[in-house]
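Chain letters run A, B, ... following the sequence lines, proteins first and then strands; every chain starts at 1. Computed from a predicted structure; not experimentally measured.
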Amino acid sequence: MSEASAATSKPAELPKAYLPSEAEGAVRARWDAARCFHAEPSAQGEPYAIFIPPPNVTAALHLGHAFNNSLQDLLARYHRMRGCNTLWMPGTDHAGIATQTVVEKRLMLQGKKRTDFTREAFVEKVQEWKDEYEATILGQLKGMGCSCDFDRTRFTMDDTCATAVRHAFFTLFKDGLVYRGKRLVNWDPVTQTALADDEVEMEEVDGHFWYLKYPLADGSGHVTVATTRPETMLGDTAVAVNPKDPRAVALRGKKLRLPIVGREIPIVEDDYVVMPASMGGDPADPKAQFATGFLKVTPAHDQNDWDIGQRHALPAVNVMAPDGSISDRHGWMDVSDEARAFVGLSREEARKRIVAWFKANGLLEDAKPYRHAVGHSYRSHVPVEPYLSDQWYVRVTDDRLRGTALRAMAGDQVEGALPAEVAKGPAMAGDGELRFFPARYAKNFQMWHENIRDWCISRQLWWGHRIPVWTKRGEASELASHLGALAALDSTRAVVRAARVVDGADVALSALPAAKGEHDLHVCLLDDAQGAALEGAGFRRDPDVLDTWFSSALWPLSTLGWPDPSRWADMAGLLERYNPSSVLCTAREIITLWVSRMVMFNRYFLGRLPFKHVFIHAMIQDGHGQKMSKSLGNGVDPRDIIHSHGSDAMRFTLVSMATNTQDVRLPVDIVDPHSGETFTPKWVTTSAGYTVADAVQASPKDPSKKMVSGFGAATGVATPTEAMPLARNTSARFDLGRNFANKLWNATRFAISNLSASTVPAAGGVAAPSALIDRWMLARLELASRELDRGIADYEFHRVAETLYDLVWRDFCDWYLEGIKPTVRGDAAQQAILAAVLDAQLRLLHPVCPFVTETLWDAVRAIRHGEVRGLALPAAPLCALAAWPAVDGAFADAEALGQFARVQALVDAIRKVRGERQVQPKRRIVLLAPDSVRALVAAAGGVVETMAGLERVEPSPSARPAAAVAIPFEGSEVLLDGLVDAVDADAEKARLSKLIAEREKQAVGMRSKLDNAGYVAKAPPAVVEETRKKLAEVEADIVAAKGALAALGG
RNA sequence: GGGCGCUUAGCUCAGUCGGUAGAGCACCGCCAUUACACGGCGGGUGUCGCAGGUUCGAGUCCUGCAGCGCUCACCA
């Protein structure tokens, strides 16, 4: 920093209150201009890297993201200041299904749908949406002060990421870890796409158990099946019974006539079937309570039935169209006249009609209400349909994926032991190095991987990474004619595979010419170069796109230019330097969705962990205990809070809420745009049972004036207009941070005003502080800096906020600044210490409150007169670039801490009397005290006089002055004189009586302890001794107080 | 149903190795003291969810129960 620029920062320029809105923009501009946060792999320092969990581009960020990013920024700034070569990689996620859905919803408002456009035109529309929200999100991050390397901002569908995705898919395909399977998928009939297991949400639904009678084909009776989904009976291909069921023998070999359809279906025996409790089934199994012992088997519409079908070679009859309606065009051939009436019905309508049919035909035995959990699409919120279709899968159950993820876990965080087959897997760099904070979340990770199923990665969407596979279907012999041409393809850029259509099983290419039946010939291409030729030969590119998490899983690789950083500008060296990264900061639900997949992919593709630590933070809930989410629309825009309280205030408050036990509840208010008044909105309950702010709110000042709530705008229920503007949110919770930032501002302003008057240059620095209060302040600083280091290392961020709050407010403002007021202007050494403490404080605070500290930086640096030896605070042009304070352990001064604690206790005791007796603040009083107390007062160097409002200190007199008030202190009696002009004997008696009662209560507790032989014998001697000492003190206090009371004639 | 959390002041939350409970806000007094009213000084407030157990001693450890949240499973 130049002298000239220092001179321009005059203390007089600092306004009386910190105004974030005026400071933040300028600070951000200075950081950006200086490119403070740009990471260069060639630079010095231990690498410290964080990958942002890329926010999806469906909507703007809410406070949950602000929380997540405040913590990441804290970590990034702290480590940067500690000299680490720090990269915080920013970016956004394309969020395939979510983003496509919001755009489709927007089109619906215009009366259009996706299929009115070409694929390219629709993707163009989504792209526009993405551009808008990507800009909004990046702007929000900047507004929050995030120290991301924005030069390196990535998007999961940009060229760099797309290249990584393509390479990853190709590699997995080549290695046999991607396969095509005909399976039941979780099908969303509204968005008409497959969903991964974790995209399905279970919701409690009131349904029924229907008991349907299926007649035996030979007319000899019937069996009764129970079902909650009678509409699927159209696709039944068997009824199963447990072989142990006593009725099974008589039914062996018999057939049933499926009602409505007329299909003749077998009775199969399978021990999967639960027997009813009455037939010897386990009464503890809830299924045994309502099961009939006969299970209808619908392989095409139920996962378990599919498995039974596989075991008994049953056909699968799919009776539904992709939109969930009953259809005879997707695998159902034997439609009877009776059944035709149901074709075309929605699944809901079909259910009603089928139940009615059974009832009308005397085949409905019973119907019982039943509440159960049903899978719903996390996107469209309709029940998911198990649906038979061809999809692409990643074989994550392979040891190369699942096994490596489990072996990555820190040994001490593994519950029990890893499964034997996993434990014996090949060793690899990073094994045992993945650690979760808090540790309990390791279990989620472990359980997920131990029970993982193959991952369905194809999605029937238009927005996303298109699957790079070209397929031709036909008779094997016909397909074989292509083999020659395909063999000529460069094997490093193309992989060919063949699969039987009926079951998706792989077939060796060499066996294809001789194979019978329909086959698929799949060609996976690393790039599109050969695509046109394939299409010319009748191959068709797969229309589907990849699950969004496929690209997210590559984030720590793709953002660094994997597989070949050298092909991108300015990315050389990134991968080596910043992968593995240091920590991933995210929320619980992401452990399975994202953390798991990043670990598997990073280890598979690069042989390394993507990150060493996983920090899982709490969830931000609204005032009603509901998680803030983009889809619910109850999220609060961080820009609203920045507007009402400032960015630092928001950050400080969020950091203080980062405890590692509970989720955080944040009651939210609305700011009336008409009057500026803050009020509690009118709440309404949504159909799903959530409590949200009504979309349109009335001004509390003038109910005729309306406004749109954040919920209204986020859900599109109401559109803001000039007359009905969007109302910002706010929350009184952020007052904490705002007050804190303002306190720091004013303390610094005041300190500067004391220092700028000084002309004393301190050459060589202050050797060792001599005044108690200076020694104490530096000891507190030393303690705080260690506490901050610990809090950050343990990811216990609320401790960081608490430590900073106590340091600045309690120690620095309440005691240090007040205590040195009389002396600092004339004491050069103290000035140097004050200036150094100010400087150090800004640095310690910077990771949490970057804007206010940066705003004060120049002014504080300008008044530094000299160094305090042992407190290294090297100059830096910006606080963001300053070094973390190196506080010498020699400042840890237990004696000063102990002695100052006594000073504080004495001052508190005097103030308490002053407060109770309502002594005017300006009034100086007299302290009459024994030698030990006067020695303490003297050692404090005037601090007691200043803080307690003492005029003078005198020895204890032999006779108590008439107007004096006695207070017990450390077991001796201290008198205060001159409190009031005339003593109020009654008030004084009351005060003393209360004090005696308090002390008696304490004494009783301690005596009963000491009277307990067990306590004295078994408790640690130091604890017993401490109790004795305290009791003696308390008893002395009582004697003193009683003496004073007696002197008053009480 | 399995698993993981949580239940502490009116509110939002801390509470480390077991030693008689803390913070911020809110509330009540007093204070326009020349850093800050986004402030200062002082004040009251608790069957630590319930019931047992271990221990000289339990908010803290153990068991059971209740309620809340998340998560996995469940469409017989």
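Protein atom CZ of A:R665 is 12 Å distant from nucleotide atom C1' of B:C13, rounded to whole Å. Distance CG (A:D302) to P (B:A76): 6 Å, rounded to an integer number of Å. Going from atom CZ of A:R229 over to atom P of B:C74 covers 13 Å, rounded to whole Å.
Judged purely by distance below 3.5 Å, without hydrogens or angles, the side chains of A:K296 and A:T298 pair a donor atom with an acceptor atom. Side chains of A:T228 and A:H208: a donor-acceptor N/O pair is absent below 3.5 angstrom, by distance only. No side-chain donor from either of A:Y816 and A:D811 sits under 3.5 Å from a side-chain acceptor of the other. Side chains of A:Y1015 and A:T1027: a donor on one and an acceptor on the other come within 3.5 Å.
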A:R810 vs A:D814, salt bridge (charged side-chain N to carboxylate O under 4.0 Å, His left out): CA-CA, chis, key distance, verdict: CA-CA 5 Å; A:R810 304 273 84 104; A:D814 289 351; 3.0 Å; yes
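Base orientation of B:C17: syn (glycosidic angle within 90° of 0).
For A:N444, no side-chain nitrogen or oxygen approaches OP1 or OP2 of B:G3 to under 4.0 Å. When the side-chain nitrogen and oxygen atoms of A:K912 are compared with OP1 and OP2 of B:G42, none of them lie within a distance under 4.0 Å. A close approach under 4.0 Å does occur between a side-chain nitrogen or oxygen of A:T227 and OP1 or OP2 of B:A76.
A:K627 comes within 4.0 angstrom of nothing in the nucleic acid, heavy atoms only. As judged by a 4.0 angstrom heavy-atom cut-off over every strand, A:H798 is placed among residues touching the sugar-phosphate backbone only. Within the nucleic acid shown, A:D794 has no heavy atom closer than 4.0 Å to any nucleic acid atom. Counting non-hydrogen atoms under 4.0 angstrom, A:F740 reaches nothing in the nucleic acid. Across all strands shown, A:E818 has heavy atoms under 4.0 Å from base atoms, whether or not it also approaches the sugar-phosphate. Using a 4.0 Å heavy-atom distance criterion, A:K1030 is classed as making no nucleic acid contact. Within 4.0 Å (heavy atoms only), A:L295 reaches at least one base atom of the nucleic acid.
Taking only distance into account, the side chain of A:E796 never meets the base of B:A14 through a donor-acceptor pair shorter than 3.5 Å. A donor and an acceptor atom never sit less than 3.5 Å apart when one is taken from the side chain of A:K443 and the other from the base of B:C4.
Candidate nucleotides B:A37, B:U33, B:C38 were compared by shortest atom distance to the side chain of A:K922, and B:U33 ranks first. For A:R733, whose side chain is taken as the heavy atoms from C-beta onward, the closest listed nucleotide among B:G19, B:C13, B:U12 is B:U12.
Residues A:F436 and A:Y441 keep their aromatic ring centres 6.0 Å or farther apart.
Pair assignment for B:G67: B:C6, on the basis of Watson-Crick or G-U wobble contacts that are both within less than 3.5 Å. Nucleotide B:G1: paired with B:C72 (Watson-Crick or G-U wobble, both distances less than 3.5 Å).
Here, B:G18 and B:U60 have their P atoms 11 Å apart, quoted to the whole Å. Atom P of B:A9 sits at a distance of 22 Å from the matching atom of B:G5, rounded to the whole Å.
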